[in-house]
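Got a structure here, written out as structure tokens. Questions coming.
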Amino acid sequence: MSLTLTTPYAEAPAPAPVSAPVLAPRERETLRHIAAGRTYLQTARHMGLSKHTVDAYLRRIRAKLNISSTAELTRLAISLGL
């Protein structure tokens, strides 16, 4: 007969859920327009902004989500239901 000593089972802590950065409402709106195929200028006119502001919103979205292409932005918009 042999005895084996073991340490009590220690449950590993659950990994913290990774949450996607929250987009501001205007960033979400900008993303929706671009994903719908509108140009920066069309989006800017519809939102009452300059095309430079639209570009800034999209740069912020890309930085927050680590996205580099418009195709990826469009895929994200679809997955978010925009």
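Values below: all heavy atoms of this structure, side chains included; hydrogens, waters and symmetry mates excluded.
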Q. Side chains of I34 and E29: does their closest heavy-atom pair fall under 4.5 Å?
A. no
(Q) Quick check for you: to the nearest 0.5 Å, what is the distance between L31 atom CG and R62 atom CZ? (A) 9.5 Å
Q | Point-to-point distance, once rounded to the nearest 0.5 Å, from CZ of R26 to CE of M47 | A | 4.0 Å
Q | Salt-bridge contact K64-E27 (side-chain N to carboxylate O under 4.0 Å) | A | yes
(Q) We want to know whether R32 and T43 form a side-chain donor-acceptor pair, criterion being a heavy-atom distance below 3.5 angstrom. (A) no
Q: Before giving the answer on side chain to side chain contact (heavy atoms under 4.5 Å, CB included), spell out for Y57 and L49 the whole-Å C-alpha distance, their side-chain angles and the decisive distance to 0.1 Å.
A: CA-CA 11 Å; Y57 284 157; L49 304 170; 3.6 Å; yes
Q) Roughly how far, to the nearest 0.5 Å, is the CD1 atom of I67 from the CG atom of L76? A) 4.5 Å
Q | Salt bridge R75-E72, side-chain N to carboxylate O under 4.0 Å | A | no
Q. Do Q42 and V54 pass the side chain to side chain contact (heavy atoms under 4.5 Å, CB included) test, and can you show the C-alpha distance, the side-chain angles, and the key distance before you say yes or no?
A. CA-CA 10 Å; Q42 290 169 331; V54 169; over 6 Å; no
(Q) Tell me whether R45 at atom CZ has more than 12 heavy atoms from other residues, nucleotides or ligands lying less than 6.0 Å away. (A) no
Q) Would you say L80 and L65 are hydrophobically clustered, going by side-chain heavy atoms of ILVMFWY under 4.5 Å? A) yes
Q. Thinking salt bridges, do D55 and K51 make one under a 4.0 Å N-O criterion?
A. no
